[in-house]
Amino acid sequence: MAAPTSNQARPRAAVQGDKLLQPEVLASLSSLELIARAAVQGFLVGLHRSPFFGFSQEFAEYRPYTEGDDPRFIDWNVYALSDRTYIKRFLGETNSHLMVLLDASASMAFSSNGLSKFRYGQVLAASLAYLGSRQHDAIGAMIFSDGVRDFRPPSSRSGQLPAVLHLLDRATPERRTDLAAPFSRFREHIARRGMVAVISDFYCDPQTMLEAVRPLAFQGQDVILFHVLDPQELEPQFAESTLLEDMETGETVEVSPQEMREQYPTRVREHIAALRRAATEAGVDYVLLNTREALDVPLRNYFLFRQKRR
């Protein structure tokens with residue numbers, strides 16, 4: 001039996017899945033649910049084309065259509081994006097849960113290229129939730145800054161994904177970063193072992209981050225830290241003296257181009273290295289992200305992170 005055809009026109013995606021992973025496209029879209037669904041589907045299509053496909057039983061629910069397969073199991077969404085026909089098989093419920101913690105402090109609102117750190121984090125959080133839901137994980141989310149701003153415990157019930165996406169979508173960046181209170185509340189309300197994805201610019205002391213995150217690992221949680229920075233924060237480009245303002249405290253400082261060229265890069269590298277060391281000491285994964293990077297970078301890192309715990 002050949003792959004089935006239809007007399008109706010096959011649906012065409014307005015933007016191909018791999019293009020939807022690009023930051024400039026993400027910045028132009030408004031529906032978080034649409035972005036998450038399309039980004040995950042684009043990522044899965046790319047995964048099938050790569051050597052990683054077949055590496056994991058996580059995604060064994062997808063395989064190329066072959067003669068004799070029941071056409072009811074064809075994933076038409078993937079077909080619309082890739083011109084390839086795959087059979088969708090479900091492995092059944094898992095015993096995993098995924099909690100996504102999104103930093104909504106004021107510093108996350110910074111943007112130099114049209115896509116703020118917060119919007120990038122929102123899209124990543126929504127995509128992780130969507131991916132977790134497809135893998136039958138119980139999913140939940142927390143919005144934090146100097147405290148817990150919004151919280152939904154993990155669940156695999158029907159309607160949980162739209163509720164999590166709505167929680168993420170209504171969040172706005174404001175106030176200061178304080179990891180202590182949010183992470184303490186997390187430990188109080190989430191006792192079951194699972195996966196925790198923290199998305200933040202980590203404008204905090206690395207030792208403070210270590211003290212907040214390490215108890216999660218001691219609790220048995222598998223933690224991955226997504227450190228989101230803007231290109232201008234990683235490689236500042238200033239041609240003249242500039243007055244910089246701290247978005248959380250309002251404090252200002254004037255810097256010269258020479259200072260930004262000679263001192264700033266060293267301090268950023270030292271901060272990132274200190275965060276990496278703290279993550280290693282806490283026994284958690286650390287991923288540095290640039291908002292200019294395509295979304296498949298963090299999704300692939302999450303995919304590999306999830307592999308390690310099985």
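Counting begins at 1 with the first residue of the sequence. Quick caveat: nothing in here was measured; it's all calculated off a predicted structure.
When every heavy atom of Y203 is checked against every heavy atom of S107, the shortest pair comes out as CD1-OG, 3.7 Å. A126 and L165 make their closest contact through CB-CD2, 3.5 Å (heavy atoms, listed as atom of the first residue, atom of the second, distance). Across all non-hydrogen atoms, the minimal contact from S116 to A109 is CB-O, 3.5 Å. Taking each heavy atom of M209 and L225 in turn, the nearest pair found is SD-CD1, 3.7 Å. Across every non-hydrogen atom of Q219 and R187, the tightest pair is NE2-O, 3.3 Å. The shortest non-hydrogen separation linking H97 to R192 is CE1-O, 2.7 Å.
Around atom CZ of R157, no more than 12 heavy atoms belonging to other residues, nucleotides or ligands sit under 6.0 Å away. At most 12 non-hydrogen atoms from other residues, nucleotides or ligands lie less than 6.0 angstrom from CD of E235.
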Before giving the answer on side-chain contact (heavy atoms from CB on, under 4.5 Å), spell out for C204 and L179 the whole-Å C-alpha distance, their side-chain angles and the decisive distance to 0.1 Å. CA-CA 8 Å; C204 61; L179 300 182; 3.9 Å; yes

I would like to know whether L288 and L229 meet side-chain contact (heavy atoms from CB on, under 4.5 Å); could you show each step before the answer? CA-CA 8 Å; L288 177 63; L229 291 179; 4.0 Å; yes

Go through the steps for D146 and R176 under the test salt bridge (Lys or Arg N to Asp or Glu O under 4.0 Å), then give the verdict. CA-CA 5 Å; D146 55 355; R176 299 188 182 189; over 6 Å; no

S105 and S145: CA distance, side-chain angles, deciding distance, side-chain hydrogen bond (donor to acceptor under 3.5 Å, both in side chains) verdict: CA-CA 5 Å; S105 59; S145 53; over 6 Å; no

Criterion side-chain contact (heavy atoms from CB on, under 4.5 Å) on F226 and V198, from CA distance to verdict: CA-CA 6 Å; F226 289 106; V198 184; over 6 Å; no

Show, in sequence, the C-alpha distance, side-chain angles and deciding distance for L128 and L299, and conclude whether the side-chain contact (heavy atoms from CB on, under 4.5 Å) test is met. CA-CA 7 Å; L128 292 176; L299 290 179; 4.0 Å; yes

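A heavy-atom distance below 4.5 Å is not found between the side chains of F43 and L295. No side-chain heavy atom of P298 sits less than 4.5 Å from a side-chain heavy atom of V287. Side-chain atoms of Y120 and I199, non-hydrogen and from C-beta on, never get closer than 4.5 Å to each other. Side-chain contact between E33 and P162: absent, with no pair of heavy atoms (C-beta onward) separated by less than 4.5 Å. Looking at S184 and F186, their side chains never come closer than 4.5 Å, going by heavy atoms from C-beta outward. Counting heavy atoms from C-beta outward, M142 and L102 have side chains that stay 4.5 Å or more apart. Taking 4.5 Å as the limit, some side-chain heavy atom of R214 sits within range of a side-chain heavy atom of E281. Side-chain atoms of L101 and F183, non-hydrogen and from C-beta on, do get closer than 4.5 Å to each other.
Every residue two or more places apart in sequence or in another chain that forms a side-chain contact (heavy atoms from CB on, under 4.5 Å) with T208 is listed here: D205.
Put simply, CD1 on I224 and OH on Y286 are 11.5 Å apart, with the number rounded to the nearest 0.5 Å. Interatomic distance, CG of L289 versus CG of L124, reported as 6.5 Å (0.5 Å rounding). Interatomic distance, OG of S96 versus CZ of R306, reported as 5.0 Å (0.5 Å rounding). How far CZ of F118 is from CD of Q122: 4.0 Å, rounded to the nearest 0.5 Å. Here CG of L98 is found 6.5 Å from CG of D137. Values are rounded to the nearest 0.5 Å. Taking CG of L161 as the start and CZ of R37 as the end, the distance is 9.5 Å to the nearest 0.5 Å.
Transitive grouping of hydrophobic side chains (ILVMFWY, heavy atoms separated by less than 4.5 Å) keeps I272 and L210 in distinct clusters.
Ionic pairing of R170 and D150 is present here: one or more N-O contacts between side-chain nitrogen and carboxylate oxygen are shorter than 4.0 angstrom.
Between the side chain of R193 and the backbone N or O of G220, at least one donor-acceptor pair lies under 3.5 Å. Without hydrogens or angle criteria, H271 side chain to F202 main chain gives a donor-acceptor distance under 3.5 Å. S133 places no side-chain N or O within donor-acceptor distance of the main-chain N or O of A129, the cut-off being under 3.5 Å. A donor-acceptor distance shorter than 3.5 angstrom exists from the side chain of Q221 to the backbone of G194, with no hydrogens or angles considered.
Here the rule is side-chain hydrogen bond (donor to acceptor under 3.5 Å, both in side chains) with K117, and of D201, T291, D230 only D201 fits it.
Under the 6.0 Å distance and 45° angle rule, R149 does not count as a cation-pi partner of F144.
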